[in-house]
Each structure stands twice: as C-alpha cells, then as structure tokens.
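Here is the naming used below: chain letters follow the sequence lines, and residue numbers restart at 1 for every chain.
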Amino acid sequence: MTEFRSESTWDDDTERRVISTVTGRPHDLTANQWQAVNHREGPLLVLAGPGSGKTRVITRRIARMVETGIAPRQILAMTFTNKAAGEMSARVAKLVSGAFVEVTTFHRFCAKLLRRFGTAIGLQSNFSIYDTSDQMGILREVLHRLDIDSVHYPPGKILSRISKIKNDLISPEQFAQNYAESIGNHWQAVVSRVYPAYQRELLAANAVDFDDLLLHVVTMLQENPEIRGELDERYRYVLVDEYQDTNLPQYHIVHALSFDYPNLCVTGDPDQSIYGWRGAQIENILRFERDFRDVTVVKLEQNYRSTKAILRQADGLITKNVHRKHKDLFTDNPEGNPVELWNFIDAAQEADEIARKIRAGGDEGDRNWSDYAICYRVNALSRQMEVALTRHRIPYQVAGGVTFYERAEIKDLLAYLRLVHNPADQVAFLRAVNKPLRGIGKTTQQKLVRWAGEQGIPLLEAAAVAGRNTALNKRAAKQLEQFSGLMESIAHAQADGVFMLLQAILLQTHFTKEWIGDSSEESRQRLANVEELLSAARQYDEAQGEEGDLEGFLETTALASDLDDVDLEAGAVTLMTLHSAKGLEFPVVFILGVEQNLIPHERSIREGNLRELEEERRLLFVGMTRAEQQLVLTQTYRREMHGRPMMTIPSEFLSEMDLTSIDFMSGSNTDAVWGGQETRWTYAGSDTDSCETQTDERHDDDSEEIQNEVKPQKRSRSMRDERTKTLTETTQSDAGRRSLKANDNAAPLPPKIFQVGSRVLHPQHGTGTVVSLNGISRRQMVTVSFDADELMRTFITDKAPLEPLKG
DNA sequence: AATTGTGTAGTTTTT
DNA sequence: CTACACAATT
C-alpha cells in the first residue's frame, strides 16, 4: 500500500471540497474513473458509455496533470463542437485557476496552425474560411466556366462528393489521375474536372473550406517533418473527445502530434458513432489498441444518468448490433417508469398529445419546460410539434435552423469585413459589391470575373482598374472603380476594433438606408440583426481588449454553429434532431416517429447495408440514452411523407425492445397481451372508413417508392378490393376490415395471439412456425417460416387469414 | 433589376 | 406539400 497521502480536490460539479481516501482516490470518482484521471504517460483509451461521467473524467484528468507538474501549455484537448470546448474549458479553468490549457475544436486548432504555417502550403495567413454557401459561390463560377449544367449536376451534390474525396485524403491531381487511368462514370468525369478547378479558385481567393482546414494541416504536417516534430514536442499530452467521430484527416492530425510523445488520450463510445455518413470512421476508435503499443484501456460502464428501465431498453437495442465491442452497461439508479411506446393516428394527434402531456407536467408544478426534449430523425417532423406547442402556449426552442451569421444581411456585412481582411476573397467581393444596390448587376460581375481571371488578379484589384477593361461599359466601370475606392477608404478608416470598423462600413455604404424609413416587419428585423451584429462586435472587442483583431472575429463567425446557442436552461422545451441531441441529457425525452423509413431512415434501408442500419440503431440508442427519468417513443398509424399521406410501418427496432405500448388511437380500449407485452388494444373503426390502402403493382423503375399510400375513400369498389401490398408480403383482402366495420359498435374481435415458436395455419401456404413478431396493435406483424417451402413471409396479424394452431 | 413562373427534389450536418 | 433554384418575364 502506498503511503497515505492527504490531498484535496475540487468537485467540478458541485464546487464542494472533497476529501481523498487512503488510496488517493477522491470520493467522487470510481476506481475506473480514477484510473483514467490519474493516468500519465502512454496512450490511453477511455471507452465511455452514455452518462458515465466522461466529461468529468477528461476535465479532472487535465486538472490532475497540471497539479502533478505537467506544464499547461503542453496539454492540448480537442473536441468537435464549440459548445463542448467551451464547457470543458470553463470546467478546467475552475479546477486549475490561472493555468491556461488549450481546449479547442479540431477546426479552430487547424485554423490556428494554418495561420502560422500555412505559407508552407501556399496559403497566406489572412485566408478566409468558406462556409457551404461560400463554397457554392465558388463552385457556381467554376461550373459556369467549365460549361457544366447545374441542373444535371447540382452544386450541392458535387460539393458533397468533393467533400467525400477530400475526407479520403485524395488530392485533385490524384483524383484526376485515377479517373484518367480507369473507366469512370460521368459523375467522376465531371468531378475530375471540377474538383481541381474548385481547389484552384479557393487558393486564388486565399480561402479554405471546412474540409481544407483539416486537409491542409495534414498535408502541411506530412510535407514538413520539422514542423510536425516541433508540434509533437510542444503538445506532449493530447486529449481527444468523441474519438469515434473522427474522420481520416483528424486521425492523421492526432497521430502526427503523438508520434514522438505518444501520450494520446482518446475518449469515446463506438455505440455513439452516428456521423459515419459524414466521413467519421468508427474504425479509428476500434483500432486504437492496434495503433499504439502498450495502450491502457479504461471502460466506464456505469451510468449515472438514466433509470434502470431506460438503460435496459437502450442496452437491449444496441446489443442487436453485430459489429460491436461488448460493454456491460449498468446503473445504481432506481428502476423508474417503464419506457413507453405511444401509438397515434397521425402526426397532428401525436403532437397534440405530447404537448398536452408536457402542459400537464408543467402545470402540476413538478416539471420545468426545460426538463423536456423532443427528438426526431428528420427536421421535417418538428413542424407539427411546433404548432402544437404554440397552441398549448408552451415555450420551446428548436436546435438548428439558420445560424445568426448565416442571415443575408449579416453575411453581406461580414463580406465587407472579410474583404478588408482578405482582399483576394472572391465570394466576399461578389457579395459586397452590389449591396446595397449600386448598379453592378450580374452581367457586369460576370465580365469582371472573367477579365480578372484572365489577368490573374483578384476581383478587387480588377475593379480598381475597371476602366482598362474594354468589355465593360463606361458606367459599370465607373461604379466598380468607385466601389474599389470605397473599400480603400473603409480599410483605412480610423477604426479601433471590429465594432468601429463595422460602424465605418455602415456609414460609408449607407447600408441600412433602404430599411430605415421602412416600417415593414422585414426591415425592422434586418435592422435588429444589424444591431445584434454590432453588439456582438462590441462584446468581442471588449473580451479581446486591445488585441481585438478582425481575424479572430471573422474566425468566430465562420466557425459558429447553430447548436452554440441552444440554451438548456432557457426555460423552454428543446426540439432537435437525434443527431444534435448527442452529448445532452434531459429528465424527460420524447422520440417521435419511431417508424420504418424514418428510423431506420429509408435511405439506409434502401442501400441495404448493415453498416448503415447499425448506425441508425446507434442513433436511436443515442436518443434513448439522453433520458434521465422518463422516455417515450412514439409512432403514428399514418404520416405524410414528401407531402403525401402514407401508411406507416413500425420501426424494426421496436421489436428489439420490450416497451409498454399505449394506444391513443381511439377511446374504446380493450386490454390484450402479446408476447408478454402489455398493450392497450384498440379498433379505430370509424377512422378506417376515411382511408384506404392502395396496391402498388407498378413495376417501373419508380417502384422503389415506398409502400401504401393512403387514398381518400372515393374509390371504386374494385379498387377497394385489391390487395394491399406493403413491404411485407401480405394481406388478404379487406374482408377482415369489412367485418370490422360491420362490427363497429359491437364488441371488438379478440386479437389473435401469436408467439415466437408457435405453430400457425395459413389457407394458402399451409402450416408454419412463427419466427418473429414486429409492431404493435393493429399493425402487429408476424413473420412465419412455412413448412412447405421453408420461405419466410410476413403478415399483418390482424388482416391475414392466419390462424394459431394448438400445440 | 426585380418579379413572376416553372420545375424538381425532398436525411442526418459537430465545423 | 413546400422550398429552392433557375428561367423567363416585365
């Protein structure tokens, strides 16, 4: 036993002083957590389940390192989001006052490196950072010049392809060469022309896109071993959070900084890898132990967040993933309420009932609005929820949407700032040049772009000498020269800080002139936005003191995210996608639309690959594990998809859990039990009248269109008698349904009871054995393996002429 | 140069 | 159905 050592440390959550034990381990850390916190030299992998106190471990570990004598400047902690970086940074600062530890995002860190070392790869230090709309601007120019039709080749799609290629660390030259050497399709042909041109334009504009921030750093580190060595030595202790979400460039960066000093600590959870579609490589975390020698692995499996009931269902789900490292999730928390599955007729009812429930929780006084989160797979689902919350007068915030810095007038103003800072910035020039309107229209702009391209000079320079361009008419040339003069004057304005510079711009350009006299709501909003930008600039200046440089301000605006201003204590219900919910926690969580084609998303089903399906499962897992006390999943009977009402199919994930199903579809309830699952059994007879399923017997190429569209009732009888064909095999005519209608006011038919393994009889297919059950209530489905042909067929229990056999 | 019309596509999006 | 981009108007 080591010598008794008395020490005390700050509890980062409660600010309570905690006394250490004999082992030196603080009371508020478990043995595993302490092992991670106390680890010093060598690679460390922390596999942290949801709610296992991962952030605490990281911050405490950083504090511990500083306390035990490591120079703060040798520590680098990297996260993905500003928010995570901000929180972590604040917690570290609280633990070790006075010591500055660099806690930053990957992108910010890379931007910083490029400002310093970017010249090594042909970038000037005042480069601009292009967001998606800026990228579009460049790309449109490129497409126009290459005479590529943007209808067949949408810029957005091209960009995402380029992004994918970049994330695979393939340079334009390599891509073009690969294409030349192999038989490519027309998309590759286009990309092999566009990608190099796009990249050239970016460089000419002294600009980088988000991917480039990482990519250029990788290149810079590869081509300059001395810089890599210097940085490796400087950052001797590197920590990376959410390592399961790193992509290839990030992997290279982290490794490049951990070669001579492999004190790399990564934390993450393979089960929460949900950004594979964006290039994140779950393999990075899975192979960590093979990437380094002598890796210490710490597993944090105890959950401090959720009830036993919630954790059990989440764990039950995630264990269905085949490609997975085993983890034993457990909690000492109470059992809590069962996880519920609420069944609704449609999205309107779904939204209304949830709002009603939240209202009741708030009114009873034991819940705050901010206790609730409503999550969904796609943003489109937020709409009806918003309507319902508004109607019930419940305050809410939607994570996502348009970032402040992406609003038109703000981007316009920022374009001036960017142009001051980086006169080569083409997108900024084109944005600013005619706002406010000064008669420099599209044709003039195109002529200027062409001419400047030929001359090989930036647009601003070309504008300054526009008189020499014979293609331009006199008037246009004069306007351009005037604009150039204006920029000159702004750049030389006696401006101390960003705030004053912005004021100079507003003054000299008469930016707000057209809105000032106008009392319309739109103008009012725009002026308010401008005010807000001014105050953001002032705050920035104050925070930075005399240093208040333009570069830093622009970087902050460029790297801002719409998640940054989600305030968890805002006293409002939070609406967000399952993706943006990662890392958050709420007492009560609703997950909307747990339906096939929504989650798992239709795309992941269509691709038919397990990898994508498993990512969808992880996504649901992430959503479920956000809940502390109460978790509710919902599904509806029909839902509008792409504007058309469709019958839904229960998510296949539902059958992988054991949820308490509650039916909101009608008032008349009869209890029933299936496969040990308690269910409120309902027939919504009156409602069945208003909708009808339709056969999808087309065999054209469009047949990937999903399942059964709901049609209004005015259909011929013959149409009504056609068979329903869902994704599943199915259903007998609606004989069953008709009898139901006749029985409208009579006692409902008892449900047929099937269990996995039980024997059944089908009039056409003969006898068989039940293989699995899926779905609930009226849409409970049963998959049967038939004796005759050994084929599996799935039926909607309630519609198929399938009878349980005894024995 | 702004307005109106037409067509088309329609996940998720830490930066 | 709706949002968006682009084209064709005035």
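One can place CD of A:E640 at 18 Å from P of B:dG10, the figure rounded to the nearest angstrom. B:dT14 atom P lies 12 Å from atom CG of A:L584, rounded to whole Å.
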What side-chain donor-acceptor pairs closer than 3.5 Å can you find for residues 156-164 of chain A, not counting sequence neighbours?
| unit_1 | atom_1 | unit_2 | atom_2 | d |
| --- | --- | --- | --- | --- |
| A:S160 | OG | A:K157 | O | 3.0 |
| A:S163 | OG | A:D211 | OD2 | 2.8 |

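With sequence neighbours excluded, no residue satisfies ring pair (Phe, Tyr, Trp, His ring centres under 6.0 Å) with A:F586. Not counting sequence neighbours, A:Y130 has no partner by the ring pair (Phe, Tyr, Trp, His ring centres under 6.0 Å) test. Evaluation of the ring pair (Phe, Tyr, Trp, His ring centres under 6.0 Å) rule for A:Y396 yields no partner, not counting sequence neighbours. Residues forming a side chain to side chain donor-acceptor pair (under 3.5 Å) with A:Q199 (at least two apart in sequence, or on another chain): A:K166, A:D212.
Within 4.0 Å (heavy atoms only), A:D245 reaches at least one base atom of the nucleic acid. Among the protein residues, A:Y275 comes within range of the nucleic acid bases, having at least one heavy atom under 4.0 Å from a base atom. Among the protein residues, A:S580 comes within range of the sugar-phosphate backbone only, with heavy atoms under 4.0 Å from sugar or phosphate atoms but none that close to a base. Residue contacts for A:D131: at a heavy-atom cut-off of 4.0 Å it reaches no nucleic acid atom on any strand shown.
Residues A:F621 and A:F653 place their aromatic rings such that the two centres sit no closer than 6.0 Å.
Distances shown here put every side-chain N or O of A:N597 at or beyond 4.0 Å from the OP1 or OP2 atom of B:dT11.
Residue A:W277 has its side chain nearest to B:dT13 when only B:dT11, B:dT13, B:dT14 are considered. Of the candidates B:dT12, B:dT14, B:dT11, the closest approach to any side-chain atom of A:H601 belongs to B:dT11.
Ring-base stacking between A:H579 and B:dT12 is not satisfied when judged by a centre separation under 5.5 Å and a plane angle under 30°.
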Counting primed atoms, P, OP1 and OP2 as sugar-phosphate and everything else as base, the B/S/- map of nucleotides 3-10 of chain C against protein heavy atoms under 4.0 Å is S-SS----
